[in-house]
Amino acid sequence: MSDFILNEVRKRMYLDSVALMRISRVIKETRGVREAALMMGTPSNQEILADAGLLADSSKGAQGSDLIIGIRAESEMVARTALAEALNQISAPKRQSEAETVTEPRSVRGALKIQPNTTIALISVPGEFAIAEGRKAITRDLHVMIFSDNVPIEQEVALKQEAQKLGRLVMGPDCGTAIINGVPLAFANKVNRGNIGVIGASWTGIQEVTTLISKFGGGISHAIGVGGRDLSSQVGGISTLMAIEMLDSDSATTHIVIISKPPDTKVIEKILERVNKSRKKFTICFLGADDIQVPWNARFAPTLKAAAELALSKPIDSKPLKAGDIRFREGLIVGLYSGGTLCTEAQYVLMREARRSVTSNIPLKGVSYLKPDDHISDRVIDLGADEFTKGKPHPMIDPSTRDEMLRNTLRDPSVGAVLLDVVIGYGAHSNPAGNIAAVLNSVPERRAAVIASVTGTDDDPQNRASQQAILEQSDVIVAASNVDAVRIALNCVQSGQGMG
Amino acid sequence: MSSVRKESAETGSVSRRSVGLLDSPVEVVNVGLEGFYQELKLAGVPVVHVSWSPPANGDPKMADILSKLGA
């Protein structure tokens, strides 16, 4: 018997993506429901719904401002029961205080009437609308942080050029992290204040570097995210150059760290030219780039950990390991990452330091793309990449998206070591380590060593030490940094001698 | 740096007395995910949440044009 597809279109109803995913998940758990999703009716979302077999002809007139509920179930009765539950969830009060909702403005302009000294607009609307909202903000004298992804690059260039003329900074699109004057924005960590400024075209890269600096005695003046494409040839480093200018003029900042995946060659020249004009010290971390010639006042860091060490002017001790922590297990290394930059850093260490054959879905230069029939290479996977998050929450928000792959990897006899990242802080899941522990405990017969690092601080809502303790209770080796985790994994599969 | 902002009744544009990003206390307008608003509020950061819905009947191209016209 074929499935029954049921759609409901709610005209001019908007719910944010987190609320939509939460309700979608509840509906999916209804017995007899094969698939379900709640999405705004933009053209791209309608395509996703159609691909998932969730779009009935009745919804084809829906607009981007309409909410579509799509349910595919084993029978009409099941589908209608699930729809009733979805509508029930939608109509449930979203806040304790309904009075609060009444005072909410419907635009940036309205918000500024309530809070005229606003400095930053934090924008996380669907990508198709992010630039329009960003433009409304910069023309009202605000700096902008755009968390939204799926923004066309030509729109990013246009907005950044407009903002530059107005003296406004655009952080993003796809900017997940910033810390301004000690205030963590979106996915950031509670770090110590200090003299080190960070500029990053990389979300988890900023988190790893700022938390390592904080944990090992330093502090952060500001951390400015610029979006993953800022140092591309098209964007030309507009926001990075503005951020350098700002930190160079900032009296609280004496050392500036710049983090990115390898930028465009001409953009590198522009950045380094500007660095050369500063009297402050710089650390340049272009992950995966070959050693580049940096100016007199800068040092090159090949990894995030090295960047933190150069900024601190001291080495970071690796966590002392208890005897017996490392046991030799022949096999491959598989990394299942929620942080894209941590995934890139792992590739770098495996390929450049250990000269192993590595595959990834976000391959560095010299790394091959993942191949299902490759049983001799290490696999390092970014589970936050588009192919895993289309219509689904990011694994930092919902770590269960890693569960099935982790379970399969633990059961794979060819795997000797599994690498995991646990990224905590504001915006992240409340207990990612607990989620990993539950999966590990469901596979008691595992042979692979499991090695993780926790990107976060003890002042974060999840508490780094607590997350570490949860992992260690499940026999996970917890390293001081992602680089250390990779090196421990290498020791596990390469020798029985313990860490060198 | 002063953060005075004056809005023109006709155009909705603001005066150009720039508000420094790094030398002013952080105050946020949140447009989108409500979770970001809740976390900032819990942390004691001044923040206003915009009850956003897709403009221009959810037509991204029209929304872009309208934003250029200052709407």
Side-chain angles (χ1 to χ4, degrees), chain A residues 12 14 16-19 40-42 63-66 94 101 104-126 128-129 131-133 135-137 139-143 147-148 155 166-167 169 180-181 183-186 222 246-247 250 252 426-427, chain B residues 1-9 11-71:
Chain A
R12 292 178 176 273
Y14 177 75
D16 73 38
S17 58
V18 172
M40 299 307 297
T42 58
Q63 294 184 308
S65 53
D66 303 334
K94 58 179 182 172
T101 313
E104 278 177 357
R106 299 187 62 81
S107 65
V108 170
R109 181 160 63 170
L112 290 176
K113 286 179 183 157
I114 298 167
Q115 189 175 269
N117 291 337
T118 297
T119 47
I120 299 171
L122 172 53
I123 294 171
S124 53
V125 300
E128 298 101 314
F129 299 99
I131 295 300
E133 295 304 322
R135 185 174 291 112
K136 291 174 194 171
T139 53
R140 288 172 173 85
D141 220 16
L142 300 181
H143 301 280
F147 176 79
S148 320
Q155 289 190 17
L166 297 170
L169 180 72
I180 306 295
N181 271 321
V183 175
L185 294 166
H222 310 278
M246 287 177 167
L247 288 174
D250 177 50
Y426 295 95
Chain B
M1 198 180 289
S2 167
S3 58
V4 173
R5 179 176 281 111
K6 288 177 185 166
E7 186 149 355
S8 152
T11 64
S13 65
V14 292
S15 67
R16 289 279 175 265
R17 289 183 65 183
S18 285
V19 184
L21 177 66
L22 307 185
D23 53 8
S24 308
V26 172
E27 297 194 22
V28 180
V29 166
N30 185 56
V31 190
L33 297 175
E34 198 179 325
F36 291 152
Y37 162 74
Q38 300 287 4
E39 289 198 328
L40 286 166
K41 203 174 161 207
L42 268 177
V45 178
V47 55
V48 175
H49 182 63
V50 171
S51 178
W52 186 85
S53 58
N57 281 333
D59 179 345
K61 283 184 186 164
M62 188 54 71
D64 196 56
I65 291 167
L66 288 173
S67 74
K68 286 176 181 165
L69 296 172

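Proteins get letters first, then strands, A, B, ... in listed order; numbering begins at 1 in each. In this text the structure is predicted, and so the values were computed from the model without any measurement. No hydrogens, no waters, no symmetry mates; every other heavy atom, side chains included, goes into these values.
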- Item | From CD1 (I120(A)) to OG (S24(B)), nearest 0.5 Å | 9.5 Å
- Note on the structure: One option among S124(A), G64(A), S107(A) has the most heavy-atom pairs under 4.5 Å with chain B, and it is S124(A)
- Under a 4.5 Å heavy-atom cut-off, does chain A meet the side chain of L40(B), its backbone, both or neither? side chain
- When rounded to the nearest 0.5 Å, the distance separating CG of L33(B) from CD1 of I123(A) is 12.0 Å
- Residue pair S51(B) / E104(A): nearest heavy atoms and the distance that separates them: CB-OE1, 3.5 Å
- Kindly give the heavy-atom pair with the smallest separation between A132(A) and A63(B), and that separation in Å. CB-O, 3.7 Å
- Top contributor to chain B contacts, counting heavy-atom pairs under 4.5 Å, from L185(A), V183(A), V125(A): V125(A)
- Task: Taking the side chain as every heavy atom from C-beta outward, state whether E133(A) and P55(B) have any atom pair closer than 4.5 Å.
- Result: yes
- Task: Examine whether an atom of V45(B) lies under 4.5 Å from a heavy atom of chain A, and if so say whether it belongs to the side chain, the backbone or both; otherwise answer neither.
- Result: side chain
- Item | Heavy-atom pair of closest approach, residues G20(B) and T119(A) | O-CG2, 4.3 Å
- Backbone of R135(A) reached by a side-chain donor or acceptor of S67(B) within 3.5 Å: no
- Scanning both residues in full, the closest heavy-atom pair of E27(B) with T118(A) reads O-CG2, 3.4 Å
- Query: Is it the backbone or the side chain of D59(B) that comes under 4.5 Å from a heavy atom of chain A, or both, or neither?
  - Reply: backbone
- Message: Once rounded to the nearest 0.5 Å, what's the spacing between atom NZ of K68(B) and atom CD1 of I131(A)?
- Response: 10.5 Å
- Message: Please enumerate all residues that pass side chain to side chain donor-acceptor pair (under 3.5 Å) together with D250(A), with sequence neighbours excluded.
- Response: H222(A), T253(A)
- Message: Would you say that P126(A) contacts W52(B) through its side chain, given a criterion of any heavy-atom pair below 4.5 Å between the two side chains?
- Response: yes
- Task: Applying side chain to side chain donor-acceptor pair (under 3.5 Å), name anything that partners D16(A), two or more places apart in sequence or on another chain.
- Result: none
- Query: So do the side chains of N181(A) and P25(B) get within less than 4.5 Å of each other, counting heavy atoms only?
  - Reply: no
- Note on the structure: Cut-off 4.5 Å, heavy atoms of chain B, and the answer for F129(A) is side chain
- Task: Could you grab the distance from atom CD1 of I180(A) to atom CG of L21(B), nearest 0.5 Å is fine?
- Result: 4.5 Å
